[in-house]
**Student:** 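Provided herewith is a single structure, encoded as structure tokens, for subsequent inquiry.
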Amino acid sequence: MEGGACGGTIVETEAYLQRGDASCHAARGMTLRNAPMFGPPGHAYVYFTYGNHFCLNVVCCEEGIAEAVLIRAIEPTHGVEAMRRRRGRDALRDLCSGPGKLCQALGLGREHNRLDLCGGSPLSLRAGDTAPRSRIVTTTRIGLRHAAELPLRFYLRGSEFISHK
DNA sequence: GCAAAGATCCAG
DNA sequence: TGGATCTTTGCT
């Protein structure tokens, strides 16, 4: 992020696997929508859902392997006022505590799909403090009809900024 | 061509 | 707890 940009610390994610995961968009092969998942790692996969919301994923595997991490919640640290404006909410907890919310707060949309998150883009991932393993909780994912039993949701224990307990 | 589901959010 | 809202996908 450059000066004046907004962002925060990732506190909740979910993984989507190419094999054995019926909820992964790529479970039945490549389509127009999920093509970015098959692309190079470190790039964004942003898609539109439920008629109102975008979701941000980070492509994780080498080209041809369609796996990604959904960013579900971040703890806002920069550009809080801009996020409040975009969200129309005041409470810090309500800005980025969900995949659709954080995209709205950050102003993410179709134009961010496929962007390289490793630098040189308006959107980027930065190395920060790594949470100790003891603070990472592993649970089942949220809002799924298929493969809901897989333990692929990860969040920071004790964080006020996650989407659910 | 059409119908149904969907990695959500918010109001009531 | 249910409705809004619309895109993508797969099939009648």
Side-chain angles (χ1 to χ4, degrees), chain A residues 6-61 63-76 79-115 117 123 125 131 136-157 159-165:
Chain A
C6 52
T9 305
I10 295 172
V11 294
E12 179 184 349
T13 64
E14 286 179 358
Y16 288 84
L17 311 179
Q18 182 168 36
R19 301 175 63 103
D21 180 3
S23 270
C24 180
H25 285 175
R28 295 183 184 180
M30 184 161 58
T31 65
L32 201 55
R33 176 175 69 163
N34 69 26
M37 290 185 76
F38 290 82
H43 286 235
Y45 168 42
V46 179
Y47 69 91
F48 185 73
T49 191
Y50 289 111
N52 281 311
H53 303 285
F54 291 96
C55 292
L56 168 66
N57 295 255
V58 180
V59 177
C60 289
C61 293
E63 291 194 54
I65 307 295
E67 299 194 340
V69 167
L70 170 70
I71 310 301
R72 285 195 59 90
I74 69 178
E75 175 177 344
V80 170
E81 289 313 314
M83 295 195 220
R84 285 196 169 114
R85 189 172 356 105
R86 292 198 192 93
R87 287 275 300 138
R89 310 261 150 177
D90 188 57
L92 212 53
R93 281 185 307 275
D94 290 338
L95 296 182
C96 300
S97 53
K101 294 181 187 178
L102 77 88
C103 282
Q104 185 182 21
L106 296 175
L108 301 183
R110 294 177 213 288
E111 67 273 25
H112 296 90
N113 195 25
R114 293 177 177 273
L115 285 187
L117 300 177
L123 180 64
L125 283 174
I136 298 176
V137 182
T138 303
T139 63
T140 52
R141 296 174 294 183
I142 291 174
L144 303 188
R145 291 173 54 113
H146 303 289
E149 74 286 357
L150 296 179
L152 294 175
R153 173 171 173 250
F154 310 93
Y155 67 87
L156 189 62
R157 186 195 309 277
S159 174
E160 306 261 336
F161 303 95
I162 60 177
S163 62
H164 298 276
K165 293 179 185 175

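Heavy atoms only: backbone and side chains are in, while hydrogens, waters and symmetry mates are out. If you're wondering where the values come from, they're calculated on a predicted model, not measured in any experiment.
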**Student:** On DNA chain B, does the nearest nucleotide to A:Leu102 precede the nearest nucleotide to A:Phe48 from the 5' side, or the other way round? Give the residue.
**Tutor:**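 Upstream on the strand: A:Phe48.
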
**Student:** In Watson-Crick or G-U wobble terms, both distances under 3.5 Å, what is the partner of B:dG1?
**Tutor:**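 Matched B:dG1 with C:dC11 under the 3.5 Å cut-off.
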
**Student:** Please report the distance, rounded to the nearest Å, between CZ in A:Arg28 and C1' in B:dA5.
**Tutor:**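 So the two atoms are 11 Å apart, to the nearest Å.
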
**Student:** Check the pair A:Ser159, A:Glu75 against side-chain hydrogen bond (donor to acceptor under 3.5 Å, both in side chains), reporting the backbone distance first and the verdict last.
**Tutor:** CA-CA 8 Å; A:Ser159 174; A:Glu75 175 177 344; 4.9 Å; no

**Student:** Between A:Phe54 (CZ) and C:dT5 (P), how many Å, whole number?
**Tutor:** 16 Å

**Student:** Has A:Arg87 got a side-chain N or O lying under 4.0 Å from the OP1 or OP2 atom of B:dC10?
**Tutor:**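 Yes, within the criterion.
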
**Student:** Using a heavy-atom cut-off of 4.0 Å across all strands, would you classify A:His146 as base, sugar-phosphate, or nothing?
**Tutor:**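 Sugar-phosphate, no base atom in range.
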
**Student:** Run through A:Asn57, A:Asn34, A:Asn113 and flag the one making a side-chain contact (heavy atoms from CB on, under 4.5 Å) with A:Tyr47.
**Tutor:**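 Of A:Asn57, A:Asn34, A:Asn113, side-chain contact (heavy atoms from CB on, under 4.5 Å) with A:Tyr47 is met by A:Asn57 alone.
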
**Student:** For the pair made of CG in A:Asp94 and P in B:dA11, what is the distance, rounded to whole Å?
**Tutor:** 10 Å

**Student:** Establish, with yes or no, whether the OP1 or OP2 oxygen of B:dT8 is under 4.0 angstrom from a side-chain nitrogen or oxygen of A:Arg72.
**Tutor:** yes

**Student:** Base, sugar-phosphate alone, or nothing: which one does A:Leu70 contact when heavy atoms must sit under 4.0 Å apart?
**Tutor:**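 It contacts base atoms.
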
**Student:** Do A:Arg86 and A:Gln104 have a side chain donor and acceptor closer than 3.5 Å?
**Tutor:**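 No, because no side-chain N or O of A:Arg86 sits under 3.5 Å from a partner of the opposite role on A:Gln104.
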
**Student:** Counting heavy atoms from C-beta on, name the nucleotide in B:dC9, C:dT5, B:dA11 closest to the side chain of A:His53.
**Tutor:**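 Side chain of A:His53 sits closest to B:dC9.
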
**Student:** Figure out the CG/C1' separation between A:Asn113 and C:dT7, and round it to whole Å.
**Tutor:** 14 Å

**Student:** Between A:His112 and A:Leu56, does the side chain to side chain contact (heavy atoms under 4.5 Å, CB included) criterion hold? Intermediate values first, please.
**Tutor:** CA-CA 9 Å; A:His112 296 90; A:Leu56 168 66; over 6 Å; no

**Student:** Without decimals, in angstroms, what is the distance between A:Leu95 CG and B:dC10 P?
**Tutor:**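 After rounding, the gap between these two atoms is 11 Å.
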
**Student:** Check the surroundings of atom CD in A:Glu160: do more than 12 heavy atoms from other residues, nucleotides or ligands lie under 6.0 Å from it?
**Tutor:**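 Atom CD in A:Glu160 is not packed in, count stays at 12 or less.
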
**Student:** Return the value, rounded to whole Å, for the distance between atom CD of A:Gln18 and atom P of B:dA7.
**Tutor:** 17 Å

**Student:** So which nucleotide from C:dT7, B:dA7, C:dT9 ends up closest to the side chain of A:Leu32?
**Tutor:**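 Output: C:dT9.
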
**Student:** Rounded to whole Å, please give me the gap between CZ in A:Arg110 and P in C:dT7.
**Tutor:**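 So the two atoms are 6 Å apart, to the nearest Å.
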
**Student:** A:Asn52 has a side chain; which of B:dA7, C:dT5, C:dT8 sits nearest to it?
**Tutor:**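 Ranking B:dA7, C:dT5, C:dT8 by closest atom to the A:Asn52 side chain puts C:dT5 first.
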
**Student:** Under 4.0 Å between any heavy atoms, over every strand shown, what does A:Gly51 touch: base, sugar-phosphate, or nothing? Just pick one.
**Tutor:**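 Base contact.
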
**Student:** Nearest to the A:Tyr47 side chain among B:dA7, B:dC9, C:dT8, which nucleotide is it?
**Tutor:**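 Comparing B:dA7, B:dC9, C:dT8 against the side chain of A:Tyr47, the answer is B:dA7.
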
**Student:** Within 45° of the ring axis of A:Phe48 and under 6.0 Å from its six-membered ring centre, is that where the NZ or CZ of A:Arg110 lies?
**Tutor:** yes

**Student:** Among the candidates B:dA7, B:dC10, C:dG10, find the nucleotide nearest to the side-chain atoms of A:Thr31.
**Tutor:** C:dG10

**Student:** In terms of side-chain heavy atoms of A:Arg33, which of C:dT9, C:dT5, B:dC9 is nearest?
**Tutor:** C:dT9

**Student:** Taking only N and O in the side chain of A:Arg89, is any of them less than 4.0 Å away from OP1 or OP2 of B:dA11?
**Tutor:** yes

